[in-house]
K.L.:
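The structure under discussion is supplied below as structure tokens; questions concerning it will follow.
Bear in mind that the values here come from a model prediction, so they are computed numbers and not experimental data. Basis for what follows: all heavy atoms, side chains included, without hydrogens, waters or symmetry-related copies. Just so we're on the same page: letters track the sequence lines, and every chain starts at 1.
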Number of protein chains: 2
Amino acid sequence: MSLRRQTVSEFTATRLSIYLRALASLETEGIRHVSSEAFGRRFDLSPAQIRKDLATFGEFGVRGVGYEVSVLKKHLISILGLGHTRRLVIVGAGRLGQALADSPGFTSAGFAVAALFDNDPKKIGTETRAGIPVHDVEKLSEIVKLGSIAIAVLTVPASAAREVAGRCVEARVKGILNFAPVRLTAPPGVKLKNVDLKIPLETLSFYIQKP
Amino acid sequence: MSLRRQTVSEFTATRLSIYLRALASLETEGIRHVSSEAFGRRFDLSPAQIRKDLATFGEFGVRGVGYEVSVLKKHLISILGLGHTRRLVIVGAGRLGQALADSPGFTSAGFAVAALFDNDPKKIGTETRAGIPVHDVEKLSEIVKLGSIAIAVLTVPASAAREVAGRCVEARVKGILNFAPVRLTAPPGVKLKNVDLKIPLETLSFYIQKP
DNA sequence: TTTTGTGAACTAGTTCACAGCT
DNA sequence: AGCTGTGAACTAGTTCACAAAA
């Protein structure tokens, strides 16, 4: 059986990404086969959970044997939509934006940063260390539409985030990853994820208090 | 009644942080009182959830009236352990580390970045734009112990993360916020949070695929 | 025999709905 | 009258345990 897709929870989707990272790690170690049991032990995950998550998308294992690392990895890449390189733009050419633009996580493995945008004349026309150009944010819509860009990453100040997100929606991106410390919402048809880096820090602060 | 603290879930802890951000926003708008209903409508949160979360820590509202913004904010600051400034260090003085070191989110509201650390001789001895010094990572343990630093933020490459986390544990930090793309674990007594920025990006990729 | 894939059982998290204060 | 605080009902997510397959 294959491809029964109800609505997949964010929990499952997040773990797929974790599994992919773990498999890449096994692959570089030269491990070719792995059981859910061994996989779970190695990366501190639940074997039952692994099997359930994977079974949502098909039968990728062999009973009595386990999973073939390279095969499972290919499947996960395909499930996550990373099979072909996805072009994205980053709005906000501050240090976070520049760090992300040049980071291996954002440039390798399924993503390519097409351009950065900013409204600061001193930044417009420059490029990042890795050579990604910084454009005027006024050209955002044009470049997104022309380049068939599906994802916009927002690394602008909180005050600008809502307006910039609006422009992205208008330019027909399919997904927005917002790092500005405001909780944005997007219309149906656009997937938006808020990532506020201050939250894990405050959460940490909460848990390290004396009982 | 007040202060029944079983174990508070990460979900609740995360929302406390969200509520705090939302209250700050109301405060700047000059709003002094708010009901869970109005609060929820304004920030797209569930009123029942808000009441339940808050009730875990005490009775902060007034029946028939609602919550006083400034009072609730003070309580949340205290609950999250942000009442006195917490000093933290950032290990890894790359662009992400520097961006976080100088970002208002990390420097205001309960946190102070005491120092950055790196192993690159070109970076050691310099300081960030905001004037935070970059030390040799060899001095990490010494400075953490002397400065009674409770939190270490890791912005090092994946390959160095485990070793650096070990040093932090040895130096007796209470919490580690790991941005390196490896899932680390810490011994009991040390709270560790992994934040892999590639995961929300891959999750986004998953959800924006055609059905 | 081993290990997957999966319904059933369980646990955690959320929402409902109303008693209890103000 | 109005809104909180909270047990009870519900929903979502995880783990168990075993039949099915290699």
K.L.:
Has the side chain of B/Lys52 got a donor or acceptor atom sitting under 3.5 Å from an opposite partner on the base of C/dT14?
P.N.:
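When only heavy-atom distances are counted, B/Lys52 does not reach the base of C/dT14 through any donor-acceptor pair under 3.5 Å.
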K.L.:
Which pairs of donor and acceptor atoms, one on a side chain in residues 15-26 of chain B, lie under 3.5 Å apart (sequence neighbours left out)?
P.N.:
from	atom 1	to	atom 2	distance (Å)
B/Arg15	NE	B/Asp53	OD2	2.6
B/Arg15	NH2	B/Asp53	OD1	3.1
B/Arg15	NH2	B/Asp53	OD2	3.4
B/Ser17	OG	A/Glu202	OE1	2.4
B/Tyr19	OH	B/Asp53	OD2	2.6
B/Arg21	NE	A/Asp196	OD2	3.3
B/Arg21	NH1	B/Ser17	O	3.4
B/Arg21	NH2	A/Asp196	OD2	3.3

K.L.:
I want to verify a distance call: between C/dT4, C/dG13, D/dT4, whose nearest atom is closest to the A/Tyr67 side chain?
P.N.:
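So the side chain of A/Tyr67 is nearest to C/dT4.
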K.L.:
Nearest nucleotide by nearest heavy atom, which residue falls closer to the 5' end of DNA chain D, A/Asp53 or A/Val65?
P.N.:
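Final value for this comparison: A/Asp53.
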K.L.:
Parallel, tilted or perpendicular: which one describes the rings of A/Phe106 and A/Phe111, with boundaries at 30° and 60°?
P.N.:
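Ring orientation, 0 to 90° scale: tilted.
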K.L.:
Quickly work out the B/Phe11 CZ to D/dA12 P distance and round it to whole Å.
P.N.:
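So the two atoms are 14 Å apart, to the nearest Å.
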K.L.:
Measure the distance from CZ on A/Phe57 to P on C/dG5 and round it to the nearest whole Å.
P.N.:
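Whole-Å distance recorded here is 13 Å.
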K.L.:
Between P on C/dT6 and CG on A/Leu54, what's the gap in Å once rounded to a whole number?
P.N.:
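To the nearest whole Å, that distance equals 11 Å.
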K.L.:
Would you say A/Arg15 reaches D/dT14's phosphate, i.e. side-chain N/O to OP1/OP2 under 4.0 Å?
P.N.:
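Yes, because at least one side-chain N or O of A/Arg15 sits under 4.0 Å from OP1 or OP2 of D/dT14.
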K.L.:
Nearest to the B/Glu59 side chain among D/dA21, C/dT6, D/dG5, which nucleotide is it?
P.N.:
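Given the options D/dA21, C/dT6, D/dG5, the side chain of B/Glu59 is closest to D/dG5.
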K.L.:
Please state how far atom CD1 in A/Ile18 lies from atom P in D/dT14, giving the value in whole angstrom units.
P.N.:
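Spelled out: CD1 on A/Ile18 to P on D/dT14 is 11 Å.
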K.L.:
For B/Val91, does its backbone N or O pair with a side-chain atom of B/Thr155 as donor and acceptor, under 3.5 Å?
P.N.:
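Yes, the answer is positive, given that a donor and an acceptor are paired below the 3.5 Å cut-off.
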K.L.:
OP1, OP2 of C/dT15 versus side-chain N and O of B/Gln49: anything below 4.0 Å?
P.N.:
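So the side chain of B/Gln49 is within the cut-off, an N or O lying under 4.0 Å from OP1 or OP2 of C/dT15.
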K.L.:
I want to verify a distance call: between C/dG13, D/dC16, C/dT14, whose nearest atom is closest to the A/Ala48 side chain?
P.N.:
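Nearest to the side-chain atoms of A/Ala48, counting from C-beta on, is D/dC16.
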K.L.:
Expressed in angstrom and rounded to an integer, what is the separation of B/Arg41 atom CZ from D/dC3 atom P?
P.N.:
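Roughly 10 Å, once rounded to whole Å.
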K.L.:
Tell me the interatomic distance from A/Glu37, atom CD, to D/dT15, atom C1', rounded to whole angstroms.
P.N.:
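To the nearest whole Å, that distance equals 13 Å.
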K.L.:
Using a 4.0 Å heavy-atom cut-off across all strands, classify A/Ser9 as base, sugar-phosphate, or nothing.
P.N.:
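The residue A/Ser9 makes sugar-phosphate contact but no base contact.
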K.L.:
Tell whether B/Arg63 reaches the base of D/dG2 with its side chain through a donor-acceptor pair below 3.5 angstrom.
P.N.:
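Such a pair does not exist between side chain and base.
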K.L.:
When the ring planes of A/His135 and A/Phe117 are compared, do they come out parallel, tilted or perpendicular, using 30° and 60° as the limits?
P.N.:
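Aromatic pair A/His135/A/Phe117 classed tilted.
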K.L.:
Of the nucleotides D/dT6, C/dT14, C/dT4, which one has an atom closest to the side chain of A/Ser36?
P.N.:
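Of the options given, the side chain of A/Ser36 lies nearest C/dT4.
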K.L.:
Given atom CG of A/Leu45 and atom C1' of D/dT14, what is their separation to the nearest angstrom?
P.N.:
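Computing the A/Leu45:CG to D/dT14:C1' distance gives 13 Å.
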K.L.:
Which whole-number value in Å describes the distance from B/Arg51 CZ to C/dC16 P?
P.N.:
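One finds 10 Å between P of C/dC16 and CZ of B/Arg51, rounded.
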K.L.:
Under 3.5 Å, is there a donor on one side chain and an acceptor on the other for A/Ser70 and A/Arg32?
P.N.:
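The answer is no; no qualifying pair exists.
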